[in-house]
Student: 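Below you will find the structure I want to go over with you.
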Amino acid sequence: MQLALTLADRAAAEGEVPVGAVLVLNDAVIGEGWNRPIGTHDATAHAEIQALRDAGQRLGNYRLPGTTLYVTLEPCVMCAGAIIHARVGEVVFGAADPKAGACGSLFDILPSDGRFNHRTGCRGSILADACGEALRGFFRARRRRQTIPTIDK
């Protein structure tokens, strides 16, 4: 999760919402990602998707069974779908996302929905304070920048 937090910092440095993701297989990092939808003009460029793409390219396969995805924010519905299709074994997330989370906060796609042919384990609140503070700090700074009064001459 520490590496995912470092990647979240990279997203923030690029002006993106600070979310980072790391995909691990047998204790080795096989994929990394950070939020990039603004910079890439791609609504699907969430950290989780970026990590899945990176791993798929490295391994030459979009199926990633037996892997664990560490992500600083609870995955959304789009990312949960990609995680299921990639056959990720488990998702470990930091901060819960009550507005869009798909691991129990708003939706219960991972792991409860048994209608899919693959089930992905999910557990949260790992370094939740640090992950949540990265997000709160980013949005606090953004609000401050938006409310700075300007003087018209």
Side-chain angles (χ1 to χ4, degrees), residues 1-107 109-111 118 120-148:
M1 191 61 80
Q2 283 299 144
L3 178 54
L5 277 164
T6 299
L7 295 170
D9 289 342
R10 187 167 179 177
E14 294 177 10
E16 303 276 359
V17 174
V19 178
V22 178
L23 193 65
V24 174
L25 178 64
N26 300 325
D27 296 322
V29 173
I30 60 167
E32 297 180 350
W34 57 95
N35 265 7
R36 303 194 70 218
I38 297 167
T40 60
H41 311 288
D42 179 357
T44 69
H46 288 193
E48 300 94 323
I49 303 291
Q50 299 292 83
L52 294 174
R53 287 176 179 156
D54 185 32
Q57 291 299 308
R58 289 186 197 198
L59 299 181
N61 194 343
Y62 75 97
R63 295 267 170 101
L64 305 164
T67 58
T68 301
L69 179 66
Y70 295 88
V71 61
T72 58
L73 180 65
E74 180 180 2
C76 69
V77 172
M78 174 186 68
C79 292
I83 288 163
I84 290 167
H85 286 292
R87 308 292 194 263
V88 171
E90 181 179 31
V91 172
V92 177
F93 67 89
D97 186 353
K99 293 183 178 181
C103 296
S105 289
L106 183 62
F107 301 101
I109 295 173
L110 301 176
H118 174 75
T120 298
C122 192
R123 58 190 165 105
S125 298
I126 308 302
L127 296 180
D129 291 340
C131 295
E133 186 49 43
L135 290 158
R136 284 187 296 276
F138 174 82
F139 286 111
R140 193 169 29 247
R142 190 151 94 177
R143 283 190 300 275
R144 259 190 245 119
R145 284 191 304 273
Q146 290 175 350
T147 59
I148 296 173

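For this chain, numbers begin at 1 and follow the sequence in order.
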Student: Pairs in or reaching into residues 60-76: which pass side-chain hydrogen bond (donor to acceptor under 3.5 Å, both in side chains), with residues at least two apart or in two chains?
Tutor: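 Residue pairs passing side-chain hydrogen bond (donor to acceptor under 3.5 Å, both in side chains), neighbours aside: Glu74-Ser105.
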Student: Within the distance-only criterion (no hydrogens, no angle test), does the side chain of His118 pair as donor or acceptor with the backbone N or O of Val88 below 3.5 angstrom?
Tutor: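 A pair under 3.5 Å: yes.
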Student: So which atom in Leu69 and which in Ile83 form the shortest heavy-atom distance, rounded to 0.1 Å?
Tutor: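 For Leu69 and Ile83, the tightest heavy-atom pair comes out as CD2-CD1, 3.7 Å.
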Student: Considering only NZ, NE, NH1 and NH2 on the basic side and carboxylate oxygens on the acidic side, decide whether Glu32 and Arg10 come within less than 4.0 Å.
Tutor: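 The answer is no: the pair does not qualify as a salt bridge.
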Student: Would you compute the distance between atom CG of Leu52 and atom CG of Leu64 and round it to the nearest 0.5 angstrom?
Tutor: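 Atom-to-atom, Leu52:CG and Leu64:CG are 6.0 Å apart.
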Student: If the condition is side chain to side chain donor-acceptor pair (under 3.5 Å), which residues does His85 pass it with, not counting sequence neighbours?
Tutor: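 Partners of His85 under the side chain to side chain donor-acceptor pair (under 3.5 Å) test: none.
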Student: Might you point out which heavy atoms bring Ala80 and Pro75 nearest each other, and give the distance in Å?
Tutor: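 Smallest heavy-atom distance, with atoms named: N-CB, 4.4 Å.
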Student: Please name the residue in the list Asp54, Leu3, Thr6 that meets the side chain to side chain contact (heavy atoms under 4.5 Å, CB included) test with Val22.
Tutor: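 That would be Leu3.
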Student: Atom CD in Glu16, atom CD1 in Ile38: separation rounded to 0.5 Å?
Tutor: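 If I round to the nearest 0.5 Å, the distance is 4.5 Å.
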Student: If you count the non-hydrogen atoms of other residues, nucleotides and ligands that lie under 6.0 Å from CD in Gln57, is the total more than 12?
Tutor: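 Count not over threshold, so no.
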Student: Which heavy-atom pair separates Phe139 from Val17 by the least distance, and what is that distance?
Tutor: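 Distance-wise, the nearest heavy atoms are CZ-CG2, 3.8 Å.
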Student: According to side-chain contact (heavy atoms from CB on, under 4.5 Å), who are the partners of Ala45, at least two apart in sequence or on a separate chain?
Tutor: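 With sequence neighbours excluded, Ala45 shows a side-chain contact (heavy atoms from CB on, under 4.5 Å) to Arg36, Pro37, Thr40, Asp42, Gln50, given in chain and number order.
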